[in-house]
Amino acid sequence: MLYKTKFWAILFAAIFLLGLGLFLWLWNSGAAGDSAVARVWLDGELVREIDLNSVVIPYEFDVTTELGTNRVRVERGGIQVVSADCPDQVCVRMGEISGAFQTIACVPHKLVIDVLTEGGV
Amino acid sequence: MSASRRIALTAALSAVALTIFVAEGQIPPVVPFAGVKLGLANIVTLVAMVVLGRREAGAVLAVRLVLGSVFGGGFSALMFSAVGGLFAYIVMCLLVGVLPEKLLWVVSVLAALAHNAGQLLVAVLVTGTPQILVYALILAAAGVATGVFTGIASMLLIRAVRRSGLSNR
């Protein structure tokens, strides 16, 4: 069985479709929550919580550690990293997140931002 | 193959791997999630293993990782690619020569999956935030897609290297 092309093709197709499908489903499932609280984690510790639904005027703040700085933008219902002084810029390219199971990770700075929702999922 | 030819070919493949690695770093990623990228340099590791052997492939990988972090990326990028690269290398070591060569693309996919698993593991350990495990899903899907692509590229490159007469394996 392990020497058959067909076995691997089916297995990999299943992993691909399941992975992509489940991810997109989770990623979009929490988007319409009643409450949305963004949580900012540094090195596994919660450093800031922001109720995204109570934001009226969008604002930005810096998260700075000895590892570097990320500039975070908050607006009603959403949060994103707008700039970072790390080399890979993965967190900036992620764009805005707004729902459960959505996470922004800036690994070089040990920064993670996620959103907790209620009533959405 | 003579010893000097082996060394020369290993060095040449190391240079190719490093060039591809640095060049790929300049291209903005197609999928803006969790650092998903094609991993083109892994083509060279796989080709080196089939054409030269496990030791030489390990050398190509080590050179690419160390010099790659010098040319860009820095320490955190090195940790990422080192653990990912090592996981992929182990999978290749276990499977190259065991699976028939027409299934080399399978080795490539399994190596890509191992690579992504290694990177995510580092990300979780470094940030101490297991929430990012949700990325496992997209990284699995991406590993299949990129693994098939780099696997087919490897098979074509191996055929070309053999035809060129540079190798007798």
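Lettering follows sequence order; numbering is per chain, from 1. Keep in mind that what you see is a predicted model, and the values were worked out from it rather than measured. Only heavy atoms go into these numbers, but all of them, side chains included; no hydrogens, no water, no symmetry mates.
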- Message: At a 4.5 Å cut-off on heavy atoms, which part of A/D114 comes close to chain B: side chain, backbone, both, or neither?
- Response: side chain
- Query: If you round to the nearest 0.5 Å, how far is NZ of A/K110 from CG of B/L125?
  - Reply: 10.5 Å
- Would you name the heavy atoms of B/A111 and B/A88 that are closest together and state the gap between them? O-CB, 3.4 Å
- Item | When B/G143, B/A145, B/A142, B/A141 are compared by non-hydrogen pairs under 4.5 Å with chain A, the top option | B/A141
- Task: Check whether any side-chain N or O of B/R6 sits under 3.5 Å from a backbone N or O of B/L52 as a donor-acceptor pair, and report yes or no.
- Result: yes
- Drop me the distance from A/N70's CG to A/D85's CG, to the nearest 0.5 angstrom. 7.0 Å
- Side chain A/R76, main chain A/N53, donor-acceptor under 3.5 Å: yes
- Considering only heavy atoms, which portion of A/L11 lies under 4.5 Å from any heavy atom of chain B: side chain, backbone, both, or neither? neither
- Looking at A/E49 and A/R39, does any basic side-chain N land under 4.0 Å from a carboxylate oxygen? no
- Task: Measure A/W41 against the heavy atoms of chain B and call it side chain, backbone, both or neither at under 4.5 Å.
- Result: side chain
- Between CG of B/L110 and CZ of B/F87, what distance do you get to the nearest 0.5 Å? 14.5 Å
- Message: Sub-4.5 Å heavy-atom contacts with chain A: which residues of residues 99-108 of chain B show up?
- Response: B/L99, B/P100, B/K102, B/L103, B/W105, B/V106
- Message: Before you tell me yes or no, could you show the steps for A/V74 and A/L52 under side chain to side chain contact (heavy atoms under 4.5 Å, CB included), namely the whole-Å CA-CA distance, both residues' side-chain angles and the distance that decides it to 0.1 Å?
- Response: CA-CA 7 Å; A/V74 180; A/L52 293 178; 3.8 Å; yes
